[in-house]
Amino acid sequence: MAEKNKELKEKLFSKRKNGYDRVSDKDCGAIEAYCTGYKAYLDAGKTERLCAAESIRMAEQAGYRRYERGMALASGDKVYVCNRGKAVMLAHLGTDTLDNGANIVAAHIDSPRLDLKPNPLYEEGEAAYLKTHYYGGIRKHQWTTILLELHGVVVKSDGTVVNVNIGAEEGDPKFIITDLLPHLGAEQNKKPLGEAIPAENLNLLVGSRPVEDEEGGERVKLAVMQLLYDKYGITEDDFTSAELEAVPAAKASDVGLDRSFIGAYGHDDRVCGYAALKALLDLEETPRKTAVCLLADKEEIGSMGVTGMQSAAFDTFMEDLCDAQDVPLRACFEKSFCLSADVNAAYDPGFAEVYEKRNAAFVNYGICLSKYTGARGKSGSSDATAETVAHVRGTFDRADVLWQIAELGKTDVGGGGTVAMFMANRNIDTIDAGVAVLSMHAPVEVVSKLDCYETYKGMKAVYQA
Ligand code: MN
Ligand code: MN
């Protein structure tokens, strides 16, 4: 009897288990090599602009050409478009024409951060500060007393673009947001975490050495402005038309005695962005369907705007490709499949109360599928069809990809969204899948190396489907 039940269990029960019980030593070598490339990608691309530039560098190295409207396209061609320096769309044209649809992987390359306000610079208490406005969902207390870098562009009124990069090079100064000492923190300690650091306290400390002039006011601010003018040729009014982003200064690092994790800023969602891009660039053969990789901006604030996934820039790109084959865009979209590649929350035993353990994502269990995201009664979710889930599950299984399926926390606790709904609204079958992350949206997030690699494998399988 016992033997029979064992057989029955083997036949009927789910066999999902820890990925390390399923990968070989050879796989472990591949995982390590892949993650070395990923860590370099993270360090090179701490903002959406830097990440777009690094992605394009890699694509061109792999033979991708910048697409120009009207360019003749043939099966096997590899093209890309960069949307305003902040988002990238790439396509490897398949052997089938686009009326058979495309296999799309859509990730985002913007991450939570602190943007400078339009009038950022001020002096108080004989020190100079830059005021910030947080971008995306951050837990504000996590962003104080850590070293920060500043990246971005200042565009002068004549259109000249000045690239700013302070803190990333060896020996560069860095910035910091100060916090109270415990000795004077008794009242602050009583506040809820979300109120302990008001947004208006997120000010970068940028200087204290005044210009020589004992009579004048704002001497430190003037000295800071002088330094910026000398290095970048910018004046205070130029901040108005700037996009300067403060991001954590730490580089991506192995975490754990066994080095099984990567700790870094911006895993959400460059961990999927890199996988989507690398899988596309690594395709050995021309895929049957056209393979499209999207690295979008603005997901963290709702995918709005010209560079977000709601922008017609994507439809325009696809329509241009379709036009080259005399295929109507709508015919292409209705036959297409999209893997909305974004991160999920990994089960954290320290905060077990917010997870529903039977439907939580676990580190080292592979790429995590999400049939739906949203909040409460799936509000704001596109909710993939069972047919779509079956398609992607079969695709992963046939390619020996380790995968799991999960929800983001307990039903009533919170929720989240991705670009999935904006792809699905276009009449494209779409489902979410990505890496499970610990400490999501924190200055340093944590992922498992095994999950990073399985996500890459999953995306490659999607392109090849
Ligand atoms: Mn995300
Ligand atoms: Mn996010």
Side-chain angles (χ1 to χ4, degrees), residues 38 41-42 45-48 51-52 55 86-88 104-115 133-140 142-143 245 247-248 262-277 293-305 307-311 314 338-346 348 354 361 363 367-375 380-382 384 406-409 413-424 430-448 451-452 455-456 458-459:
Y38 172 50
Y41 181 78
L42 283 173
K46 285 192 176 180
T47 66
E48 73 287 14
C51 190
S55 302
K86 302 171 76 158
V88 188
I104 303 164
V105 179
H108 67 93
I109 54 173
D110 60 317
S111 296
R113 59 180 190 251
L114 304 174
D115 289 342
H133 191 135
Y134 61 90
Y135 171 97
I138 66 161
R139 309 189 74 208
K140 297 188 289 287
Q142 295 176 336
W143 292 70
E245 306 174 5
V247 295
I262 301 171
Y265 165 66
H267 282 312
D268 178 8
D269 184 36
R270 295 174 193 134
V271 69
C272 297
Y274 182 73
L277 176 68
C293 168
L294 306 175
L295 303 174
D297 182 30
K298 293 285 179 277
E299 191 279 340
E300 294 295 355
I301 57 169
S303 298
M304 315 295 183
T307 52
M309 212 56 250
Q310 297 198 63
S311 165
F314 167 63
C338 176
L339 194 78
S340 162
D342 208 339
V343 297
N344 204 321
D348 186 337
V354 301
V363 295
I367 182 172
C368 178
L369 284 170
S370 301
K371 184 177 184 295
Y372 43 84
T373 56
S381 161
S382 56
E407 297 194 353
L408 194 149
V413 169
T418 64
V419 302
M421 65 183 112
F422 309 116
M423 302 306 287
T430 303
I431 183 170
D432 280 296
V435 176
V437 177
L438 291 163
S439 306
M440 196 196 295
H441 285 201
V444 177
E445 305 170 301
V446 177
V447 296
S448 125
D451 294 338
C452 293
T455 297
Y456 158 80
M459 289 169 186

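Both ligands and their constituent atoms are indexed starting at 1 by order of listing. Just the heavy atoms: all of them, side chains too, but no hydrogens, waters or symmetry mates, feed the values below.
- If you check the side chains of His441 and Asp268, you find a donor sitting under 3.5 Å from an acceptor.
- Counting all heavy atoms, side chain and backbone alike, Pro112 lies closest to Tyr265 at O-OH, 2.7 Å.
- For a distance bound of 2.8 Å, the N, O or S atoms of His441 include one lying that close to the Mn ion (ligand 2).
- Take the N/O/S atoms of Asp268: the one nearest the Mn ion (ligand 2) is OD2.
- For residue Asp342, no N/O/S atom approaches the Mn ion (ligand 2) to within less than 2.8 Å.
- Distances from the Mn ion (ligand 2) to each N, O or S atom of Glu300 single out OE2 as the nearest.
- In summary, His108 places an N/O/S atom under 2.8 Å from the Mn ion (ligand 1), meeting the contact criterion.
- Ionic pairing of Arg270 and Glu445 is not present here: no N-O contact between side-chain nitrogen and carboxylate oxygen is shorter than 4.0 angstrom.
- Side chain to side chain, Asp432 and Ser370 fail the donor-acceptor criterion of an N or O pair below 3.5 Å.
- If you take CD on Glu300 and CD1 on Ile138, they are separated by 11.5 Å, rounding to the nearest 0.5 Å.
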